[in-house]
Amino acid sequence: MDESTGKTTIAPSVLHTIAKLTTLATPGVSRLSTREGLANVPEDGVKVSVQEDKIEVEIYIIPGSEGNVRLVAQEVQKRVTRAITEMVGMEVARIDVHVTDIDLEA
C-alpha cells in the first residue's frame with residue numbers, strides 16, 4: 001500500500017527569501033548589492049535557480065570594512081547552504097558570493 005500523501009513543491013521565491021534573509025543575518029554583511037550601477041547584478045542582489053532538484057544561488061554582497069571579506073563570503077556560503085538544506089531538504093549545488101563593494105561607513 002502506498003502511503004504517499006501527495007506532492008510537495010517549493011517555489012523558487014521561498015528559496016530566494018531564505019538565501020536573502022540568511023545573508024543579511026550573517027555578521028560582516030552590511031547589505032546586498034542592487035542593480036543600480038551594476039548591469040549583471042539581480043535587482044535585489046540574489047539569484048536562485050533550480051536545476052534537476054539542485055539549487056544554485058548567486059549572492060551579491062557589500063560587506064562592512066571591519067572584517068576579512070573572504071571569510072565573510074565563506075560564512076555566507078556556509079550559512080545559506082545550511083539554511084536551505086535544513087529548511088527545505090534540497091541539495092545545494094553551489095553558492096557563488098560576489099563582493100561588489102565595501103561599506104566603509106559600517
Side-chain angles (χ1 to χ4, degrees):
M1 179 174 169
D2 183 19
E3 294 191 26
S4 175
T5 57
K7 178 177 166 181
T8 300
T9 58
I10 307 293
S13 62
V14 172
L15 303 171
H16 183 275
T17 299
I18 292 168
K20 182 177 179 178
L21 294 177
T22 302
T23 298
L24 290 171
T26 302
V29 174
S30 178
R31 63 186 183 275
L32 291 166
S33 301
T34 60
R35 184 172 288 163
E36 188 175 313
L38 301 167
N40 295 331
V41 175
E43 189 171 321
D44 68 350
V46 176
K47 179 182 176 187
V48 175
S49 61
V50 180
Q51 303 295 328
E52 299 177 15
D53 293 331
K54 293 183 182 176
I55 301 167
E56 295 181 355
V57 183
E58 288 192 55
I59 304 170
Y60 295 78
I61 65 169
I62 299 175
S65 61
E66 70 281 352
N68 181 305
V69 174
R70 184 179 55 79
L71 295 178
V72 171
Q74 288 175 340
E75 189 65 20
V76 168
Q77 289 172 315
K78 285 191 284 189
R79 287 175 178 238
V80 171
T81 299
R82 183 174 54 240
I84 290 173
T85 302
E86 289 178 0
M87 293 179 83
V88 298
M90 294 178 74
E91 181 181 342
V92 177
R94 64 189 289 156
I95 307 273
D96 293 332
V97 177
H98 306 275
V99 178
T100 60
D101 201 356
I102 300 285
D103 187 352
L104 297 175
E105 297 176 16

Qualifying residues under side chain to side chain donor-acceptor pair (under 3.5 Å), relative to T85, sequence neighbours excluded: none
Nearest-0.5 Å distance, CD of residue Q74 to CG of residue N68: 8.0 Å
M87 CE: over 12 foreign heavy atoms closer than 6.0 Å: no
Sub-4.5 Å side-chain heavy-atom contact between D96 and I59: no
Any side-chain heavy-atom pair of I102 and V69 under 4.5 Å: yes
Min side-chain heavy-atom separation V57-I84 under 4.5 Å: yes
Shared hydrophobic cluster for L24 and V14 (ILVMFWY, side-chain gaps under 4.5 Å): yes
From CZ (R70) to CD (E75), nearest 0.5 Å: 12.5 Å
Residue pair V72 / V97, side-chain heavy-atom distance below 4.5 Å: no
For residues 40-51, run the donor-acceptor check on the side chains, cut-off 3.5 Å, and write out each pair with its distance to 0.1 Å, sequence neighbours left out.
residue : atom : partner : partner atom : Å
D44     : OD1  : H16     : NE2          : 3.2
D44     : OD1  : V46     : N            : 3.4
D44     : OD2  : H16     : NE2          : 3.2

R31 and D103: CA distance, side-chain angles, deciding distance, side chain to side chain contact (heavy atoms under 4.5 Å, CB included) verdict: CA-CA 8 Å; R31 63 186 183 275; D103 187 352; 3.0 Å; yes
Pair T100-I61, side chain to side chain contact (heavy atoms under 4.5 Å, CB included): steps then yes or no: CA-CA 6 Å; T100 60; I61 65 169; over 6 Å; no
Passing candidate, side-chain contact (heavy atoms from CB on, under 4.5 Å) with I62, options D101, T34, V99: D101
Side chain to side chain donor-acceptor pair (under 3.5 Å) partners of Q77, counting only residues at least two apart: none
Side chain to side chain contact (heavy atoms under 4.5 Å, CB included) evaluation trace for T22 with V76: CA-CA 8 Å; T22 302; V76 168; over 6 Å; no
CZ on R94 to CD on E56, rounded to 0.5 Å: 5.5 Å
Atom pair CZ (R79) and CD1 (I18), whose distance is rounded to the nearest 0.5 Å: 15.5 Å
Test side chain to side chain contact (heavy atoms under 4.5 Å, CB included) applied to K20 and T17, step by step: CA-CA 5 Å; K20 182 177 179 178; T17 299; 5.7 Å; no
